[in-house]
Amino acid sequence: MSQYEPQKTEPEIYRLWEKSGFFNPDKLPKRHKKSFTVIMPPPNANGPLHLGHAIFVTLQDIMIRYKRIKGFKALWLPGADHAGFETQVVFEKKLEKEGRSRFQIPREQLYQEIMEFTLANKKVMESQLKRLGASCDWTREKFTLDENVIKIVYQTFEKLKNDGLLYRGKRIINWCVKHQTSLSDVELKYEERKSPLYYVKYDVPELHSFITVATTRPETIPADVAIAVNPIDKRYENFIGKYAVNPLNNEKILIISDKTVDKDFGTGALKITPDHDKADEEIFGKHPEINKESKPVINFFGKMEGEKIPAELVGLKVFEARQKAMEILKNNNRLNVEFAPAGIDENYINNAALCYKCGSQIEPLNLANQWFVKMTEKPKGGKFSLRDLAVRAVKSGKIKFIPKRFEKIFFHWMANIKDWNISRQIAWGIKIPDEGTADVFDTWFSSGQWPFAALMSAKKDDFQKFYPTDVMETGSDILLFWVARMIMLGLYATGKVPFETVYLHGLVRDINRQKMSKSKGNVISPLEMSEKYGTDAVRMSLVVGNTPGSDPVVSEDKIRGYRNFANKIWNAARFVMMNLPENLKDIDAFAKKSRKNNALKTEDKKNLKELAMMAKKMTKDMDNFKFYSAAEQLYHYFWHVFADKIIESSKPRLNGSDTKDKSAAQYVLLEILKKTLILLHPFMPFITENIWQTIPNKQKNLLMIEKWPE
RNA sequence: GGGCAUUUAGCUCAGUGGUAGAGCGCUUCGUUCACAUCGAAGAGGUCGCAGGUUCGAUACCUGCAAUGCCCACCA
């Protein structure tokens with residue numbers, strides 16, 4: 001008849017905790033000495049929280065509550081991220097719905113509008129974090145656009161500049177034509193696409209011959225400055241140093257040799273187009289003998305524009321221009337049929353670089369005034385490059401990854417890392433402090449400084465007290481975007497690692513292993529689930545079976561199962577309370593008296609010992625970040641040992657006439673209940689605290705700062 | 001092309017050098033007793049495939065297959 005109703009009590013319990021002040025480590029009782037710090041990955045303030053957020057809230061709150069109960073000065077510092085590009089994209093979609101466009105809105109106004117949007121979202125987010133039980137210290141909450149955070153970001157920028165780790169250049173960047181901004185290498189996704197390979201003949205008058213180049217981008221031919229072949233390629237020995245004629249504008253271009261050219265690909269001859277290809281740009285830079293200036297033929301809207309372009313191509317979009325260029329070459333008999341039918345290999349497949357947000361094909365373009373951070377060069381007077389700092393910290397074990405296999409991915413990325421373009425041509429973000437552009441920083445440049453920037457700007461001495469932090473818990477999908485950058489920038493700016501352990505969780509999947517997304521309609525809202533089944537049930541469903549690094553599968557059925565568990569706890573506790581001695585005021589005195597009476601049966605002692613053993617095992621799991629295992633053990637113990645066996649077998653004793661034996665049974669039940677409530681608290685904080693408050697306890701302590709049963 | 005991982009009951013996942021575990025689901029029975037958001041009993045697996053190491057392998061090694069992920073300037 002009696003059922004637990006979390007909806008009614010959870011918000012009340014949260015207020016009780018907040019009122020106590022214990023979320024703030026400075027307010028914890030004296031026994032809390034050593035600090036334990038987790039910086040919350042600031043959620044993007046551009047929409048409601050989803051299950052991915054609920055996972056991090058659950059895992060981090062478990063860590064924090066566990067350590068707090070264990071007697072640590074536990075700090076969980078909450079924050080919100082302005083999330084530059086991400087938020088701007090969300091906002092642009094909103095504008096689109098309203099029939100407006102970012103390009104028609106003055107920059108300052110756009111900034112203000114996005115700011116209002118973000119602050120409104122931030123507020124919603126905060127209340128949702130509370131609803132999920134996050135025991136973070138709201139007195140230290142930070143926003144990535146707080147003035148004192150921006151100040152720190154600028155300081156790091158200056159330091160990089162002074163150390164010679166920053167340069168500003170005209171360089172090929174990844175340009176998203178739709179969003180009108182450059183993107184860093186990690187902001188691209190790749191897709192295999194059919195991309196016809198054209199075999200184009202370039203005349204070489206000096207030799208009365210021609211050289212054939214294989215290209216997927218004939219529309220860029222007017223921008224060619226050279227042709228490159230491999231020096232060991234016998235076929236082209238005589239061509240090196242001679243001039244070829246550009247088939248689309250008749251300009252003379254030099255044939256050079258470079259050993260990066262793959263002689264086995266295509267014809268072994270590569271056209272060099274420095275304005276529209278990163279690799280070509282590099283080769284161009286290495287060859288001063290190329291006596292031709294590089295000029296672009298594609299503009300920032302992805303259309304043909306520039307000198308020396310055939311008139312038919314001007315103004316066409318890249319794909320249209322490609323068709324047209326192919327026609328011109330064909331009509332002029334410039335396609336070499338020797339290598340493929342009609343001179344075109346239609347089945348050639350390559351990886352197209354796409355904008356990770358909108359899927360538009362990335363246009364490699366040359367953009368001036370872009371800031372790049374050097375990843376592999378040593379700073380002035382310094383010993384280690386940013387890359388080396390990070391790699392050394394992980395290799396030496398100063399930073400540990402859970403699971404460990406992510407270290408390999410990390411090293412692999414670091415080994416091949418390129419300089420980092422931190423300029424973005426969008427309105428929403430931290431303005432880069434220079435005079436030449438209106439550009440803003442890549443969000444990851446500022447969030448890469450988050451652990452120290454948040455602590456330095458929160459409260460006086462926080463940095464000294466809480467840095468380096470203990471655990472960085474976040475999604476494995478942002479290992480390279482964020483974690484890697486935090487390690488580099490944290491070490492560089494402070495000389496210390498930003499955190500000692502990196503715990504990475506996977507991506508939430510639905511029961512069919514699909515990613516959850518709005519467009520698929522398979523999204524489960526953690527807030528809705530909380531309303532329906534209680535936050536504790538949601539949290540348990542997100543931790544049991546969720547091993548680090550692998551993708552957890554979440555379904556409403558699973559959540560319902562843990563709602564049943566919460567109800568089980570509720571009723572078991574009710575049973576124990578109902579069977580306590582009448583008018584019991586102080587359980588501690590009762591426990592003391594019971595121990596003195598020494599009426600425990602062998603079976604009682606055995607039960608208490610079994611609990612102690614389970615607690616020990618489970619504690620070990622907690623210390624090893626095996627929360628999935630700890631949670632499962634608790635679940636099993638509470639339901640199938642305590643409720644099914646111990647409570648059941650106590651019934652005759654509680655109803656019997658032997659008062660001493662009855663008292664012993666009461667004592668054992670109460671003891672097990674108390675201890676399991678503490679053990680369960682990190683996982684299911686609301687129901688455990690709720691029950692705790694109904695136990696006749698003279699001390700009237702909060703469960704959240706009770707002592708862990710050792 | 002290079003790398004990382006996964007493969008155990010219908011589903012989601014643990015696990016260990018000594019002939020397999022949990023939850024959900026399923027079957028049968030029960031229940032005015034704290035709880036039907038319940039209880040009891042039960043069915044169900046040649047631990048991806050093929051070799052090897054071993055007294056013994058699901059576990060360690062090798063190869064293969066399927067699946068997933070990451071990285072990459074073959075134009």
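All heavy atoms count here, side chains included; hydrogens, waters and symmetry mates do not. In what follows, chains carry the letters A, B, and so on, assigned in the order in which the sequence lines appear, proteins first and then strands, with residues in each chain numbered from 1.
Distance check on atom C1': B:U19 versus B:G56 gives 9 Å, rounded to whole Å. Atom name C1', nucleotides B:C47 and B:A9: the rounded distance is 10 Å, in whole Å. On the P atoms, B:C70 is 40 Å away from B:C38, given to the nearest whole Å. Between B:A5 and B:G10, the distance separating the two P atoms is 28 Å to the nearest Å. If you take atom P in B:U58 and the same atom in B:G18, they sit 11 Å apart, rounded to whole Å. Only the C1' atoms considered, B:C26 is 16 Å distant from B:U12, to the nearest whole Å. As rounded to the nearest Å, B:U8 and B:C49 have P atoms that lie 10 Å from one another. With P as the reference atom, B:G39 and B:A34 are 14 Å apart, rounded to whole Å.
Using a 4.0 Å heavy-atom cutoff across all strands shown, A:V544 reaches no nucleic acid atom at all. Backbone-only contact: A:I409 has heavy atoms under 4.0 Å from sugar-phosphate atoms and none from a base. Nucleic acid contact class of A:Y635 (heavy atoms, under 4.0 Å, all strands): sugar-phosphate only. Backbone-only engagement by A:T547 is indicated by non-hydrogen atom pairs under 4.0 Å involving sugar-phosphate atoms exclusively. In this structure, A:R513 reaches the sugar-phosphate backbone alone: every heavy-atom distance under 4.0 Å involves primed, P, OP1 or OP2 atoms, never a base. The residue A:Y533 sits apart from the nucleic acid: no heavy atom pair falls under 4.0 Å. Residue contacts shown for A:H276 are absent, as no nucleic acid heavy atom lies under 4.0 Å away.
One can find a donor-acceptor pair under 3.5 Å joining the base of B:C35 and the side-chain atoms of A:K568.
A:K651 forms a cation-pi arrangement with A:F575, by the criterion of a distance under 6.0 Å to the ring centre and an angle within 45° of the ring axis. Annotation: cation-pi geometry not satisfied between A:K324 and A:F319 (NZ/CZ under 6.0 angstrom from ring centroid, within 45° of ring axis).
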Between N or O atoms, less than 3.5 Å apart, protein on one side and nucleotides 72-74 of chain B on the other: list the pairs.
{"residue": "B:A72", "atom": "N6", "partner": "A:N351", "partner atom": "ND2", "Å": "2.4"}
{"residue": "B:A72", "atom": "N1", "partner": "A:N351", "partner atom": "ND2", "Å": "3.3"}
{"residue": "B:C73", "atom": "OP1", "partner": "A:K418", "partner atom": "NZ", "Å": "3.4"}
{"residue": "B:C74", "atom": "O2", "partner": "A:D262", "partner atom": "OD2", "Å": "2.1"}
{"residue": "B:C74", "atom": "N3", "partner": "A:D262", "partner atom": "OD2", "Å": "3.4"}

Protein-nucleic acid N or O pairs under 3.5 Å, nucleotides 5-10 of chain B:
{"residue": "B:A5", "atom": "OP1", "partner": "A:K408", "partner atom": "NZ", "Å": "3.2"}

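Atom CD in A:E5 sits roughly 15 Å away from atom P in B:C35 (whole-Å rounding). For the pair A:N564 CG and B:G23 C1', the computed distance is 12 Å after rounding to whole Å. Between A:H640 atom NE2 and B:A41 atom C1' the separation is 14 Å, expressed in whole Å. Put simply, CG on A:N579 is 13 Å from P on B:C33, counting in whole angstrom units. If you take CD of A:E556 and P of B:G25, they are 14 Å apart, rounded to a whole angstrom. Atom-to-atom, CE of A:M540 to P of B:C13 comes out at 17 Å; the value is rounded to the nearest Å. As rounded to whole Å, 13 Å separates atom P of B:C71 from atom NZ of A:K189. Note: CG (A:N512) to P (B:G68) measures 15 Å, nearest angstrom.
In this structure, B:G68 and B:C4 make a Watson-Crick or G-U wobble pair, each of the two defining distances being under 3.5 angstrom. Pairing for B:C49 goes to B:G63, judged as Watson-Crick or G-U wobble with the two contacts each under 3.5 Å. In a base pair of the Watson-Crick type (N1 to N3 plus N6-O4 or O6-N4) or a G-U wobble (N1-O2 and O6-N3), with each distance short of 3.5 Å, B:G18 is matched with B:C55. Shown here, B:C73 forms no base pair; nothing in the strands shown gives a Watson-Crick or G-U wobble contact with both key distances under 3.5 Å. For B:C24, the paired base is B:G10 (Watson-Crick or G-U wobble, both distances below 3.5 Å).
A search for ring-ring contact (aromatic ring centres under 6.0 Å, His included) contacts involving A:H636 returns A:H640, not counting sequence neighbours. Not counting sequence neighbours, the partners of A:Q693 by the side-chain hydrogen bond (donor to acceptor under 3.5 Å, both in side chains) test are A:E689. Remark: A:N571 engages A:S2, A:N567, A:R574 in a side-chain contact (heavy atoms from CB on, under 4.5 Å) (not counting sequence neighbours). Residues passing the salt bridge (Lys or Arg N to Asp or Glu O under 4.0 Å) test with A:D277: none are found, sequence neighbours excluded. Among residues two or more places apart in sequence or in another chain, the side-chain contact (heavy atoms from CB on, under 4.5 Å) test is passed with A:T212 by A:Y199, A:K201, A:F210, A:T267, A:N336, A:F339. For the salt bridge (Lys or Arg N to Asp or Glu O under 4.0 Å) test, no residue two or more places apart in sequence or in another chain qualifies with A:E610. Every residue meeting the side-chain contact (heavy atoms from CB on, under 4.5 Å) condition with A:A630, not counting sequence neighbours, appears here in chain and number order: A:M618, A:D621, A:M622, A:F683. Under the ring-ring contact (aromatic ring centres under 6.0 Å, His included) criterion, A:F481 pairs with A:W444, sequence neighbours left out.
If you check B:A14, B:G23, B:U37 against the side chain of A:N567, the one that comes closest is B:U37. Here B:C13 is the nucleotide among B:C13, B:C35, B:C70 with the atom lying nearest to any side-chain atom of A:V553.
The local environment of NZ in A:K286 is crowded, with over 12 non-hydrogen atoms from other residues, nucleotides or ligands closer than 6.0 Å.
A residue-by-residue look at A:Y628 and A:T216 shows that A:Y628 has its nearest nucleotide of RNA chain B further toward the 5' end.
Looking at residues 642-656 of chain A, you'll see A:A643, A:D644, A:I647, A:E648, A:K651 sit with a heavy atom under 4.0 Å from some atom of RNA chain B.
A:S550 OG to A:H505 NE2: the interatomic distance, rounded to the nearest 0.5 Å, is 11.5 Å.
Using a 4.0 Å cut-off between charged nitrogen and carboxylate oxygen, A:R560 and A:D557 count as a salt-bridge pair. No salt bridge links A:D510 with A:K515; every basic N to acidic carboxylate O contact stays at or beyond 4.0 Å.
Listed pair A:W639 / B:C35 fails the phosphate criterion, with no side-chain N or O lying under 4.0 Å from OP1 or OP2.
Pairs engaging residues 667-676 of chain A under the salt bridge (charged side-chain N to carboxylate O under 4.0 Å, His left out) rule: A:D588-A:K674, A:E671-A:K675 [sequence neighbours left out].
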